[in-house]
Amino acid sequence: MEQPAIDAGIYIHIPFCERKCGYCDFYSETELQRIPDFLTALKKEMQLSTVSDLKSVTLYIGGGTPSLLTPKQMGKIVDWAALCFNLGASSEMTFEINPATASKRDLQDYAAFGFNRINIGIQSFNDQHLAFLGRKHNAKQALAAVEAAKEAGFNNIGIDLMYGLPEQTPNSWKKDLMQAIRLGPKHLSCYLLTYEPQTPLHQDLQAGRIAPLSDVLAADLFRMTHDFLGAAGFEHYEISNFSRGKRWRSVHNQKYWNFVPYIGLGPDAHSFRLPERWWNHRSLDLYLSDLEKGVKPISEEEVLNEEQQMIEALYLGLRQSDGIDFEAFQMKFHMDFKLFFHTALDRFGAENWIDMDDRRCRLTVEGMLFLDHIVDELVEQIN
Ligand code: SF4
């Protein structure tokens with residue numbers, strides 16, 4: 001019998017940056033002369049990972065800094081992806097740019113390859129904050145990058161911002177949000193600064209050179225973001241993501257949160273197809289040498305058991321404004337969500353952390369502040 005085509009996302013990690021930002025723990029190298037070798041290996045990896053029965057494919061090119069690639073290099077990647085993964089003309093195709101490395105001319109070329117969505121890593125419109133984060137661009141370049149994207153014909157523009165910086169005030173964060181809104185993006189991602197181990201910012205924190213923003217103030221900024229963007233017409237559809245209505249949600253990123261299979265290509269890229277998850281070497285050297293030998297550059301893989309799948313479903317479902325659908329949960333885990341978790345749910349309801357109707361359980365904005373704690377409590381009831 002013929003197998004039905006499956007929905008999937010393709011993520012390609014471009015592991016190069018001109019220099020490392022102080023807070024970032026994404027895998028990237030600064031030896032840009034290795035880009036051609038990486039592309040040769042990436043083509044092989046795609047060929048080894050070819051799946052022909054995919055449908056509704058989305059392509060997301062992230063990193064690293066994808067806009068370091070020349071349009072010709074980017075065009076080749078799109079051609080290979082179209083051949084190997086059934087990428088269609090209607091597919092959502094996103095690429096990330098860093099404002100320091102984006103010219104209008106290049107963006108026009110990217111648009112011609114079929115990219116219809118662009119995500120710009122701005123982080124802040126405040127030059128002092130950008131310097132603190134170690135970003136290579138300044139506020140003027142950030143504004144210019146958005147204008148260049150518009151002039152190149154992109155309508156679906158997303159902007160990444162970061163809050164929770166030391167000494168950040170509600171007023172300075174509000175200025176960033178207002179500036180972003182004025183530019184008319186369809187999508188905003190607002191990430192709380194975290195101090196990831198092994199990063200320069202984490203070392204500064206450990207050494208007492210910087211004092212983090214208090215949890216109370218960070219929570220206030222989160223609430224403010226929800227209220228401010230809500231009033232401006234943005235839907236808070238995932239804990240860190242806002243769109244100008246359902247139509248402009250990131251189709252690709254929603255796949256990560258909804259158990260849709262995705263194939264990650266490039267160093268440190270992660271892949272998932274229930275019940276398995278696997279990820280590539282976090283090393284360009286190992287990635288290249290495996291592919292030179294003609295083997296997939298997989299570092300590790302794991303098979304999620306039923307309990308792990310349920311924990312994942314709780315965590316991913318509750319991050320989204322759509323929440324957990326009781327019927328879908330019952331179908332998947334043969335369990336009545338409301339009945340099984342009723343003790344914890346009663347408590348969460350009394351705290352105003354959840355909002356439930358006959359079909360779904362969602363977190364309120366207050367509840368989103370306690371996502372990890374809420375999931376931990378639910379998990380305790382499973383065990
Ligand atoms: S934040 Fe972006 S530009 Fe900065 S080092 Fe990380 S991947 Fe590179």
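Quick note: residue numbers are just sequence positions, from 1. These figures come from a predicted structure and were not determined experimentally.
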- Task: Without swapping roles, check the side chain of E351 against the backbone of F348 for a donor-acceptor pair under 3.5 Å.
- Result: no
- Using a strict 4.0 Å threshold on nitrogen-to-oxygen distance, state whether D285 and R34 make a salt bridge. yes
- Message: Within the 3.5 Å criterion, strictly below it, is a donor on N86 or K55 matched to an acceptor on the partner's side chain?
- Response: no
- Query: L304: what forms a side chain to side chain contact (heavy atoms under 4.5 Å, CB included) with it, not counting sequence neighbours?
  - Reply: F272, R277, E302, Q308, Q309, E312
- Under 3.5 Å: donor-acceptor pair, side chain of S240, backbone of S189: no
- Answer yes if the side chains of Y60 and E96 hold a donor-acceptor pair under 3.5 Å, and no otherwise. yes
- In this structure, which one of R359, R360, R362, R249 forms a salt bridge (charged side-chain N to carboxylate O under 4.0 Å, His left out) with D322? R249
- Is a side-chain N or O of Q168 found less than 3.5 angstrom from the main chain of G164, in a donor-acceptor match? yes
- Item | Sidechain N-carboxylate O distance under 4.0 Å for R273, E276 | no
- Message: I'd like to know if the side chain of T30 pairs up with that of K20 as donor and acceptor (distance under 3.5 Å, no hydrogens or angles considered).
- Response: no
- Task: Assess the side chains of N258 and Q320: does a donor N or O sit below 3.5 Å from an acceptor N or O?
- Result: yes
- Ignoring hydrogens and geometry, is there a side-chain-to-backbone donor-acceptor pair from D290 to V295 under 3.5 Å? no
- Message: Using 0.5 Å steps for rounding, measure from the CG atom of L188 to the CG atom of L161.
- Response: 6.0 Å
- Would Y256 and H252 satisfy ring pair (Phe, Tyr, Trp, His ring centres under 6.0 Å), going step by step from the backbone distance to the final call? CA-CA 7 Å; Y256 298 142; H252 182 86; 4.9 Å; yes
- Do the ring planes of F370 and H373 sit parallel (below 30°), tilted (30 to 60°) or perpendicular (above 60°)? perpendicular
- Query: Judged by modelled atom types alone, do T199 and D25 share a side-chain donor-acceptor pair under 3.5 Å?
  - Reply: no
- Determine the minimum heavy-atom distance between A111 and A152, stating which atoms define it. CB-O, 3.9 Å
- Item | Check ion pair D79-K76 (N to O, under 4.0 angstrom) | no
- Main-chain N/O of I122 paired with H137 side-chain donor or acceptor, under 3.5 Å: yes
- Give a yes or no on whether the backbone of S250 and the side-chain of Q254 come within a donor-acceptor separation of less than 3.5 Å. yes
- Message: Could you check whether any side-chain N or O of H226 sits under 3.5 Å from a backbone N or O of L229, counting only pairs where one atom can act as donor and the other as acceptor?
- Response: no
- Counting only heavy atoms not in K338, do more than 12 fall under 6.0 Å of its NZ? yes
- Query: How about R19: does its CZ atom have over 12 heavy atoms from other parts shown lying under 6.0 Å from it?
  - Reply: yes
- Row check, F154 ring normal vs R117 NZ/CZ: under 6.0 Å, within 45°: no
- Geometric cation-pi criterion, K332 with F259: 6.0 Å, 45°: yes
- Message: Looking at D357, I want to see if its CG is surrounded by more than 12 non-hydrogen atoms of other residues, nucleotides or ligands under 6.0 Å.
- Response: yes
- Message: So for atom CD, which belongs to Q33, do other residues, nucleotides or ligands contribute more than 12 heavy atoms lying within a distance under 6.0 Å?
- Response: yes
- Message: Name the residue from Q47, E45, M46 that meets the side-chain contact (heavy atoms from CB on, under 4.5 Å) definition with W80.
- Response: M46
- salt bridge (Lys or Arg N to Asp or Glu O under 4.0 Å) involving D346 - partner list, sequence neighbours excluded: none
